[in-house]
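What follows is a set of notes on a single structure, which appears directly below.
Bear in mind the structure is a predicted one, so any value in this text is a computation, not a measurement. Sequential numbering from 1 along the given sequence is applied to the chain's residues.
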Amino acid sequence: MKKYFKYIAIILVGTVISCREEVQKPKVTYGASNKVSTGTSKTDSTQIEIADLPIQMQGTNYLIHPVGDLRVYERGSKARYGSSTVNDGSFTISNLGEYEITGYLQNLKFQAIDSDSIRPLSDKPILILTATYLKPVADKTSNKVMVYTLTDSDTNKDGKIDTSDIKTLYLSDISGENFTKVSADLEELVDWSLVESKNRLYFRTIEDTNQNGQFDKNDVLHYNYIDLASKKWEVKAYKPI
């Protein structure tokens, strides 16, 4: 019985240490090479780019095609279909909420409803986590804006762009044009909020001021807003404290 409890204790300690190491994994690596390492996989895999069926936000003239990677893993004579974004056996790579698309998407592609032409949101590697249509702003102004949370660079230099890298904030028109980064480089997006009465997008970022590669209580928060009623997206700082 004592050996059993000792064994359980070792597992629990190992789990705590493992979780602690995962939490403390740096999001930024300073002074490292920019070269991307492909590495090796324990199983043979092939990435297949697929798209979900198009989405049309209410009151807009554009279709949005979510695009992501489906991975096929070969193990012996059997093949398993899966994705880093969905459960095994599913070919759905995104989820649709009220005016919001979520997932782990490699891109979004936009198509005017009276055209067969489809254009990508970005021509560079990114990982889109959320894409939100700001309908309240469109209802009050002539500006139809999309806001995105995503990662756009391998900030921890582990050879891939994923959720372990810095999360950033972008805006675009409903057409996917004017795709613009509004959060500062190397600042982690904390959160954002739309204040409908003022047509303002407020957001907070945190700067790794001590450059330890992590974002914690010793770093500095930045407070910003953008007037979405304006044609020009100008980031303005404010100090609530």
Side-chain angles (χ1 to χ4, degrees), residues 46-72 81-153 160-163 165 167-183 189 191-196 199-203 226 228-231 233:
T46 302
Q47 290 184 333
I48 302 173
E49 187 177 69
I50 66 171
D52 278 345
L53 296 177
I55 298 162
Q56 183 177 7
M57 298 297 184
Q58 182 181 346
T60 72
N61 295 321
Y62 287 88
L63 302 180
I64 302 175
H65 303 259
V67 176
D69 283 339
L70 183 75
R71 291 175 174 83
V72 181
Y81 293 85
S83 169
S84 59
T85 64
V86 294
N87 296 327
D88 294 349
S90 172
F91 288 86
T92 300
I93 56 171
S94 66
N95 297 293
L96 179 63
E98 187 175 14
Y99 306 112
E100 183 173 66
I101 304 168
T102 61
Y104 299 92
L105 304 172
Q106 305 301 322
N107 217 329
L108 292 173
K109 297 190 177 181
F110 293 78
Q111 177 185 7
I113 59 174
D114 59 353
S115 172
D116 291 330
S117 178
I118 301 177
R119 64 176 302 276
L121 178 66
S122 175
D123 58 1
K124 297 178 180 179
I126 55 175
L127 181 66
I128 301 170
L129 305 176
T130 66
T132 308
Y133 175 52
L134 301 181
K135 190 174 186 301
V137 174
D139 290 343
K140 293 180 180 180
T141 72
S142 59
N143 299 334
K144 296 183 178 181
V145 182
M146 295 284 294
V147 57
Y148 310 87
T149 62
L150 57 86
T151 58
D152 62 358
S153 59
K160 55 188 177 182
I161 295 177
D162 56 22
T163 54
D165 297 307
K167 184 168 62 175
T168 61
L169 189 68
Y170 276 74
L171 299 179
S172 85
D173 297 329
I174 188 59
S175 64
E177 297 179 344
N178 298 320
F179 186 51
T180 305
K181 184 175 183 176
V182 294
S183 59
L189 175 68
D191 52 12
W192 66 267
S193 177
L194 175 65
V195 177
E196 297 181 23
N199 292 314
R200 284 182 178 178
L201 180 76
Y202 285 84
F203 66 96
I226 300 173
L228 297 176
S230 173
K231 291 294 184 182
W233 297 325

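Ring pair Phe179/Tyr148 is perpendicular by interplanar angle, where above 60° counts as perpendicular and below 30° as parallel.
The main-chain N or O of Gly59 is found under 3.5 Å from a side-chain atom of Lys144 such that the two form a donor-acceptor pair. Panel note: side chain Thr60, backbone Met57; a donor-acceptor pair is recorded below 3.5 Å.
The shortest distance between side-chain heavy atoms of Val137 and Leu201 does not fall below 4.5 Å. When side chains are defined from C-beta on, Thr163 counts as touching Tyr104, because their heavy atoms get closer than 4.5 Å. Between Thr130 and Glu100, some side-chain heavy-atom pair lies under the 4.5 Å cut-off. Between Asp69 and Glu49, some side-chain heavy-atom pair lies under the 4.5 Å cut-off. For the pair Leu108 and Pro66, the minimum side-chain heavy-atom distance is below 4.5 Å. Annotation: side chain of Lys231 is in contact with side chain of Asn143 (closest heavy-atom distance under 4.5 Å). The shortest side-chain heavy-atom distance between Asp165 and Leu127 does not fall under the 4.5 Å cut-off. The shortest side-chain heavy-atom distance between Tyr170 and Asp152 falls under the 4.5 Å cut-off.
Of all heavy-atom pairs between His65 and Pro54, the closest is CE1-CB, 3.6 Å. When all heavy atoms of Ser122 and Asn107 are compared, the closest pair comes out as O-ND2, 2.8 Å. Taking both residues in full, the closest heavy atoms of Asn178 and Trp233 are given as O-CZ3, 3.3 Å, listed atom of the first, atom of the second, then distance. Smallest separation of non-hydrogen atoms from Gln56 and Tyr62: CG-O, 3.5 Å. The nearest pair of heavy atoms linking Gln111 to Ser117 is CG-O, 3.4 Å. The two residues Arg200 and Leu194 have their closest heavy-atom pair at O-CD1, 3.4 Å.
To the nearest 0.5 angstrom, Trp192 atom CH2 is 12.0 Å from Phe203 atom CZ. The distance from the OG1 atom of Thr141 to the CG atom of Asn199 is 6.0 Å, given to the nearest 0.5 Å. The distance from atom OG1 of Thr151 to atom CG of Leu129, rounded to the nearest 0.5 Å, is 6.0 Å. The distance from the NZ atom of Lys140 to the NZ atom of Lys135 is 11.5 Å, given to the nearest 0.5 Å. Here the straight-line distance linking atom CE of Met146 with atom OG1 of Thr132 works out to 7.0 Å at 0.5 Å rounding. Going from atom CG of Asp52 over to atom CG of Leu105 covers 7.5 Å, rounded to the nearest 0.5 Å.
Checked by atom type, the side-chain pair Ser183/Thr168 shows no donor-acceptor distance below 3.5 Å.
Counting non-hydrogen atoms of neighbouring residues, nucleotides and ligands closer than 6.0 angstrom, the CD1 atom of Ile113 exceeds 12 such neighbours.
Paired with Val147 under the rule side-chain contact (heavy atoms from CB on, under 4.5 Å), one option of Leu228, Leu171, Ile226 passes, and it is Leu171.
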